[in-house]
2 protein chains.
Amino acid sequence: MPHDTPTPADQADRFARAREVQAVALLEDYVEMIGDLIAEMGEARVADIAARMGVAQPTATKAIARLKREGLATSRPYRGVFLTDQGAAMAERVRARHRTVVELLIAVGVPADTAELDAEGIEHHVSDHTLRAFEAFLAAMPR
Amino acid sequence: MPHDTPTPADQADRFARAREVQAVALLEDYVEMIGDLIAEMGEARVADIAARMGVAQPTATKAIARLKREGLATSRPYRGVFLTDQGAAMAERVRARHRTVVELLIAVGVPADTAELDAEGIEHHVSDHTLRAFEAFLAAMPR
DNA sequence: CGCAAAATATAGCATAGGCTATTTCTTCGC
DNA sequence: GCGAAGAAATAGCCTATGCTATATTTTGCG
């Protein structure tokens with residue numbers, strides 16, 4: 001029965017998943033940005049990370065501490081930040097997903113600048129399953 | 001120049017917006033659910049709200065306190081929760097947006113159950129602008 | 001009615017993610 | 001090589017959102 005009202009438990013699971021996603025979203029953003037900075041400038045400095053994330057420098061420092069705790073990045077005091085293999089892999093995944101989400105939005109008629117803006121929040125909630133559907137849709141697009 | 005690398009400031013703004021969205025997402029979820037419960041059962045009890053959100057009861061109580069602070073809901077101790085006009089309007093907007101997001105996902109090939117799951121997180125990040133694009137896309141769909 | 005069970009509220013704790021102010025370390029120019 | 005400027009770390013605070021444990025209020029039943 002496709003159109004049942006979801007049970008309370010189903011719905012609770014949905015919200016639980018959305019909360020989990022939220023918990024990793026920040027990690028994903030930092031990891032992607034650190035990857036960008038290393039690619040662009042050869043290294044990722046805390047000050048640059050903070051500026052791009054739009055947060056104060058100690059906030060970035062704290063986030064980096066969390067990345068290190070989770071095995072995504074490494075750093076030594078007063079030195080730049082680097083990604084572990086795991087972090088680099090996450091950055092790559094996130095970057096690809098971001099691109100796909102932006103393209104999908106544009107493909108359904110969202111202006112490019114708005115697509116970019118909304119994608120920043122949307123992308124984290126796009127499951128692998130949905131991502132594959134997006135890719136298939138884009139591949140089937142005329143032009 | 002459409003395909004410039006965004007400036008750090010642009011990017012910071014994008015993240016700032018995503019953070020703001022996050023701050024209202026929880027309010028939106030609660031308000032929508034309270035609306036659902038009132039529609040279905042005539043009233044919204046704290047225990048039911050907590051069960052559907054998948055949180056402990058005191059967590060729901062605290063969220064309701066915030067809704068009241070923000071003028072979205074009213075309640076008296078040990079009694080049900082009600083929406084203000086403002087809260088009801090938000091619930092309506094959120095519900096419509098949720099439906100549109102689910103339909104859009106299905107329209108681009110996402111299976112219905114996955115669409116429902118992912119929409120829960122995505123919807124909050126869909127701006128009015130993007131929502132209108134989704135509606136236009138769906139209206140133009142063959143069938 | 002009167003009391004036990006159920007519902008709600010409250011207290012108190014933890015973590016995450018912001019912030020400002022301050023300290024500590026590095027770096028660079030003289 | 002030293003001292004000032006700049007970058008990063010630390011301290012300490014706040015709010016939001018979770019939780020468990022406990023108190024309080026309502027409710028329903030015998």
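So that the names make sense, note that chain A is the first sequence line, chain B the second, and so on, each numbered from 1.
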Original post:
Is there side-chain contact between B:Gln57 and B:Ile49, with at least one heavy-atom pair below 4.5 Å?
Top reply: no
Original post:
Do the non-hydrogen side-chain atoms of B:Thr130 and B:His125 ever get within less than 4.5 Å of each other?
Top reply: no
Original post:
Among A:Glu28, A:Gln22, A:His98, which residue meets the side chain to side chain donor-acceptor pair (under 3.5 Å) test with A:His124?
Top reply: A:Glu28
**OP:** Please confirm whether the backbone N or O of B:Gly80 pairs with a side-chain atom of B:Ser75, one donor and one acceptor, at under 3.5 Å?
**Re:**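 No, because the side chain of B:Ser75 does not come within donor-acceptor range (under 3.5 Å) of the backbone of B:Gly80.
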**OP:** Mark yes or no for whether B:Arg97, through its side chain, and B:Glu123, through its backbone, hold a donor-acceptor pair below 3.5 Å.
**Re:** yes
**OP:** Indicate for each nucleotide in nucleotides 1-10 of chain D, in 5' to 3' sequence, whether protein heavy atoms under 4.0 Å reach the base (B), only the sugar-phosphate (S), or nothing (-).
**Re:** ------SBBB
Subject >> Matching residue for B:Leu105 among B:Val110, B:Thr100, B:Leu117, B:Thr114 - test: side chain to side chain contact (heavy atoms under 4.5 Å, CB included) >> reply: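 Passing option: B:Val110.
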**OP:** Send over the distance from A:Leu26 CG to D:dT17 P, rounded to a whole Å.
**Re:** 16 Å
**OP:** Round to a whole Å and report the spacing from CZ of B:Arg19 to P of D:dA16.
**Re:** 16 Å
**OP:** State the CE-CG distance between A:Met53 and A:Asp29, to the nearest 0.5 angstrom.
**Re:** 5.0 Å
Original post:
On DNA chain C, which is the earliest and which the latest nucleotide, 5' to 3', with an atom closer than 4.0 Å to a heavy atom of chain A?
Top reply: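 Using the under 4.0 Å cut-off, the span is C:dA16 to C:dT27.
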Original post:
Do A:Glu70 and A:Lys68 meet the salt-bridge criterion of a basic N to acidic O distance under 4.0 Å?
Top reply: no
Original post:
Quick one: on DNA chain D, does B:Thr59 or B:Glu70 contact a more 5' nucleotide (nearest heavy atom)?
Top reply: B:Glu70
